[in-house]
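Heads up, the thing below is written out as structure tokens.
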Amino acid sequence: MNQILTDIAHSSSPTGIQGVTMLMVFAVVIIFLVSWIINRISILHIRKDSEKIRDLSITLQHTLNVSGSIVLRFNLQDRMGYNMHGNFLPAEGMSYQESLNYIHPDDRPGFVEFMRKMLNGTKIAECTFRWDTSLKQHLGHWRYIHDTGIVEYVSENVKRPFVLYCTLRDITEQTEQEQEEMQMTGQYRTIFEQTITGLAFYDKDGNLITANKKMQEILKFQSEDDPYYYGNTIYDMPTLREILNNRRIEELFFCTKSVVIERGVNCYTEMHVHPIYDDEGKLLYISFSIRDITQERELYLRNKENEEAIRRTNEAIQQYERELQYLMDNCDMRFFRASRDNCTVTFFKSMNAPEKTLSFEELVNNHFMDSPFKNGLMDYENYFNVQRTDLTLMRPIFHQSEELQWNFIDSVPSFDENGVMTGTYGIIRNVDALINKQEQLKRETERANQSGMLKSTFMANMTHEIRTPLNAIVGFSDVLPMLKTPEEKQEIIRVIMNNCDMLLRLINDILAVSDLEGGHIHIMPVKTDFAHDFNDICKSLAQRVQMPGVEFLTENPYQSLVTTIDKERIMQVFTNFVTNAVKYTKQGHIKIGYDYREQEGIGGLYFYCEDTGAGIKKEDQGKVFERFVKLNDYVQGTGLGLNISKAIIENCKGKIGLTSEGEGKGSTFWAWIPCEAVINNE
């Protein structure tokens with residue numbers, strides 16, 4: 001730079017002058033750029049500071065809204081107050097002198113002192129006063145207000161108050177709660193002092209905290225802060241020393257003779273030690289109460305014989321109450337009491353009066369069917385010598401009926417004061433429903449076991465049933481390419497198609513059983529002409545009857561039968577009927593048909609499948625509709641078709657059944673579902 005300035009100073013040529021000019025222009029540009037950058041940075045800083053101030057203002061505003069605080073500004077020049085946040089004062093503000101009119105008279109001196117402190121240089125001060133929120137109406141709606149004031153001075157150098165900012169918070173609920181607690185504490189204190197029982201409280205270490213006057217009287221305190229009792233813990237008291245020697249406090253209630261030699265105490269007392277724990281189970285305090293029962297003990301000794309008589313009476317009453325309670329706890333039963341003296345049994349349904357009285361002989365001869373009583377009345381005593389429970393079948397005692405019922409008899413012998421048995425008491429309970437439930441449970445268990453066995457058999461059968469068509473399909477598919485004539489190929493294709501159809505039926509049966517298990521068989525009726533649908537069903541089912549010597553017949557009695565049914569489900573039932581007939585019919589015919597007929601006054605669609613096949617034995621006809629049942633294990637099938645058909649018909653609220661004269665005489669499977677129909681025979 002120095003070299004440049006030297007060259008400029010010594011240069012007088014035009015070239016030198018141009019260089020100086022360019023240098024000056026360059027310097028001006030540099031100065032302008034630097035000035036612009038500094039100005040831009042200043043603007044950015046100012047904008048950033050403004051955003052921070054705005055965010056802080058929003059935050060403070062939100063905080064004031066959440067806390068419920070009110071902010072006032074009190075101008076000391078004109079002694080006027082204005083709202084800064086909230087609507088505590090009128091919109092036009094309020095003077096200091098006027099504000100005193102709305103402060104409770106008892107609180108005005110404190111408020112005036114608060115303002116005086118602020119004006120005399122106290123930076124921050126607080127006060128609490130009651131404010132009439134009704135303002136000019138002067139209705140006396142007093143609210144407790146906590147005021148925190150902050151002074152703003154003219155400047156740092158001039159410490160003269162200029163503005164007073166007050167933050168107000170409504171503490172009415174808190175103050176009233178504190179007053180209520182103080183009032184309640186005073187009431188408890190009054191009760192504590194005036195009770196006729198000596199009361200004292202100890203801390204967790206056993207040190208005495210306070211004792212009422214009655215406690216001081218019983219234990220003969222020498223002063224309210226007696227050093228003997230305040231200097232020793234509860235664990236050191238002579239009466240409690242042995243009981244609380246492990247310092248493990250539990251609820252204690254006992255009577256004892258209290259002796260405190262140091263204070264001349266010698267009396268009989270009733271004591272209660274109660275530990276007080278916090279929510280975490282830690283010991284906080286020990287409550288101790290004592291009552292002088294010396295005079296009561298003397299009365300007790302004088303009336304001991306009378307109390308003994310009362311005790312025996314109470315025991316007899318308690319015994320009777322236990323018997324009655326035994327009845328009340330089993331209110332669905334009857335209570336009885338048997339007397340050996342007059343040989344009768346009295347039954348009670350309630351505590352008020354007996355329901356029925358029977359002699360031993362009448363009870364045994366007219367009601368008991370299976371009982372130790374049947375051997376004679378002398379067995380009655382042997383039977384009831386011990387407490388026992390028996391299940392017996394008997395005629396009803398409490399209503400006229402010849403129907404036998406099961407009863408539980410629970411009996412307990414009763415004895416007099418000499419140990420001689422006087423009779424028995426107990427309950428008699430009708431358990432017919434329980435026995436029936438047990439029988440039902442037994443049947444269901446057997447049914448479940450049979451179902452499990454049937455399912456195991458079904459799985460074995462399914463393995464065989466599925467393997468048979470699959471083997472045929474795979475085997476004949478391998479043979480098909482090797483055949484040359486169209487006739488041979490057509491025959492093989494027919495066999496393959498039949499086996500495919502058989503396999504499809506097996507899979508459909510399995511899916512249908514799955515729907516049955518999940519309760520998902522849904523019936524979706526639609527309006528249809530069943531006469532037309534029946535013709536379509538016949539064409540489809542005719543393909544299944546291919547046995548030589550078996551004729552497939554149909555009976556469609558109507559030109560038109562318009563009704564509302566689930567035709568897909570009806571076709572499924574027809575298919576199961578015909579498939580079952582094909583399996584067992586080798587000669588004769590298979591005939592399907594339908595008509596519209598009434599059952600029990602309700603019209604419905606009746607359809608059937610008649611065959612001249614193997615027939616069904618009378619004893620087997622009741623179980624053909626059960627799941628997994630196959631009357632001939634050598635016939636292909638899953639034993640599910642008829643069971644699925646039954647489920648479909650029952651979901652249609654219809655009926656299903658069969659008729660067969662017996663083995664070798666063919667069968668007719670039929671079904672009927674209720675529906676309305678419009679029939680046309682023309």
Side-chain angles (χ1 to χ4, degrees), residues 50 52-190:
S50 298
K52 287 183 178 180
I53 292 172
R54 184 189 63 191
D55 293 342
L56 179 59
S57 177
I58 293 173
T59 302
L60 292 174
Q61 183 73 19
H62 179 70
T63 302
L64 290 172
N65 290 334
V66 171
S67 65
S69 298
I70 299 170
V71 180
L72 303 180
R73 181 178 182 274
F74 187 75
N75 194 333
L76 297 179
Q77 278 66 37
D78 56 7
R79 302 178 69 83
M80 288 289 294
Y82 303 94
N83 294 317
M84 289 188 66
H85 179 78
N87 297 315
F88 188 78
L89 299 177
E92 66 275 12
M94 181 182 290
S95 67
Y96 168 73
Q97 194 62 36
E98 183 182 0
S99 68
L100 294 177
N101 296 329
Y102 305 115
I103 297 177
H104 195 281
D106 295 342
D107 299 334
R108 287 174 190 167
F111 182 78
V112 172
E113 179 64 20
F114 161 75
M115 295 296 292
R116 187 188 63 77
K117 288 182 181 179
M118 302 295 290
L119 294 175
N120 289 341
T122 302
K123 181 66 175 177
I124 300 176
E126 297 182 9
C127 75
T128 299
F129 57 88
R130 281 167 286 179
W131 178 264
D132 187 354
T133 56
S134 64
L135 296 179
K136 294 182 179 181
Q137 300 180 35
H138 292 287
L139 299 177
H141 295 168
W142 301 109
R143 304 290 293 181
Y144 286 89
I145 305 298
H146 181 77
D147 188 351
T148 301
I150 301 177
V151 176
E152 180 181 345
Y153 296 104
V154 175
S155 65
E156 291 292 333
N157 298 324
V158 181
K159 296 296 184 179
R160 181 167 58 84
F162 175 66
V163 176
L164 173 62
Y165 295 98
C166 295
T167 301
L168 309 181
R169 187 163 55 90
D170 191 329
I171 59 170
T172 303
E173 286 74 15
Q174 176 184 346
T175 303
E176 290 177 350
Q177 183 177 356
E178 290 175 354
Q179 291 175 349
E180 184 179 348
E181 291 175 352
M182 290 179 63
Q183 182 180 2
M184 186 177 296
T185 301
Q187 293 174 352
Y188 284 144
R189 188 67 190 181
T190 301

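Numbering starts at 1 and runs along the sequence shown.
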How about Asn87: does its CG atom have over 12 heavy atoms from other parts shown lying under 6.0 Å from it? no

Is it the case that more than 12 heavy atoms not belonging to Gln97 sit under 6.0 Å from its CD atom? no

Glu176 meets the side-chain hydrogen bond (donor to acceptor under 3.5 Å, both in side chains) criterion, sequence neighbours left out, with none

pair Leu72-Asn83: side-chain heavy atoms closer than 4.5 Å: yes

Does a side-chain heavy-atom distance below 4.5 Å link Lys136 with Glu98? yes

Between Phe111 and Phe129, what is the ring plane arrangement, given parallel below 30°, perpendicular above 60°, and tilted in between? perpendicular

Distance-minimising heavy-atom pair for Ser134 and Gly140: OG-N, 3.8 Å

Donor-acceptor under 3.5 Å (Asp107 side chain, Ile103 main chain): no

Any non-hydrogen side-chain atom of Arg169 less than 4.5 Å from a side-chain atom of Gln174? yes

Is there a donor-acceptor pair closer than 3.5 Å between any side-chain N or O of Arg108 and the backbone N or O of Leu100? yes

May I ask you to test the Thr148-Ile124 pair for a side-chain heavy-atom distance under 4.5 Å? yes

Donor on one side chain, acceptor on other, Tyr144 and Glu178, under 3.5 Å: no

Qualifying residues under salt bridge (Lys or Arg N to Asp or Glu O under 4.0 Å), relative to Glu126, sequence neighbours excluded: none

Taking side chain as C-beta onward, heavy atoms only, is Lys123 less than 4.5 Å from Tyr153? yes

Provide the closest heavy-atom pair for Thr167 versus Ser69 in the form atom of the first, atom of the second, distance. CG2-CB, 4.1 Å

Does Leu76 reach the side chain of Tyr96, with side-chain heavy atoms less than 4.5 Å apart? no

Step by step, work out the side chain to side chain contact (heavy atoms under 4.5 Å, CB included) result for His85 and Arg73. CA-CA 9 Å; His85 179 78; Arg73 181 178 182 274; over 6 Å; no

How close do Ala125 and Met118 get, counting heavy atoms only, and between which atoms? CB-SD, 3.4 Å

Go through Arg130 and Asp106 one step at a time and tell me if the side chain to side chain contact (heavy atoms under 4.5 Å, CB included) criterion holds. CA-CA 9 Å; Arg130 281 167 286 179; Asp106 295 342; 3.6 Å; yes

Would you check if Trp131 and Leu168 make a side-chain contact, meaning some heavy-atom pair closer than 4.5 Å? no

Pair Ser95, Arg79: side-chain N/O donor-acceptor within cut-off below 3.5 Å: no

Does Asp132 use its side chain to pair, donor to acceptor, with the backbone of His141 at less than 3.5 Å? yes

Give me the atom names and distance for the closest heavy-atom approach of Met80 to Glu92. CE-O, 4.2 Å

One should read off an interatomic distance between Leu89 CG and Phe74 CZ, to the nearest 0.5 angstrom, of 10.0 Å

Would you give the length of the straight line joining atom OH of Tyr102 to atom CE of Met94, rounded to the nearest 0.5 angstrom? 5.0 Å

How close do Cys166 and Asp147 get, heavy atom to heavy atom, and via which atoms? CB-OD1, 3.3 Å

Working to the nearest 0.5 Å, report the span between CG of Leu164 and CE of Met115. 5.0 Å

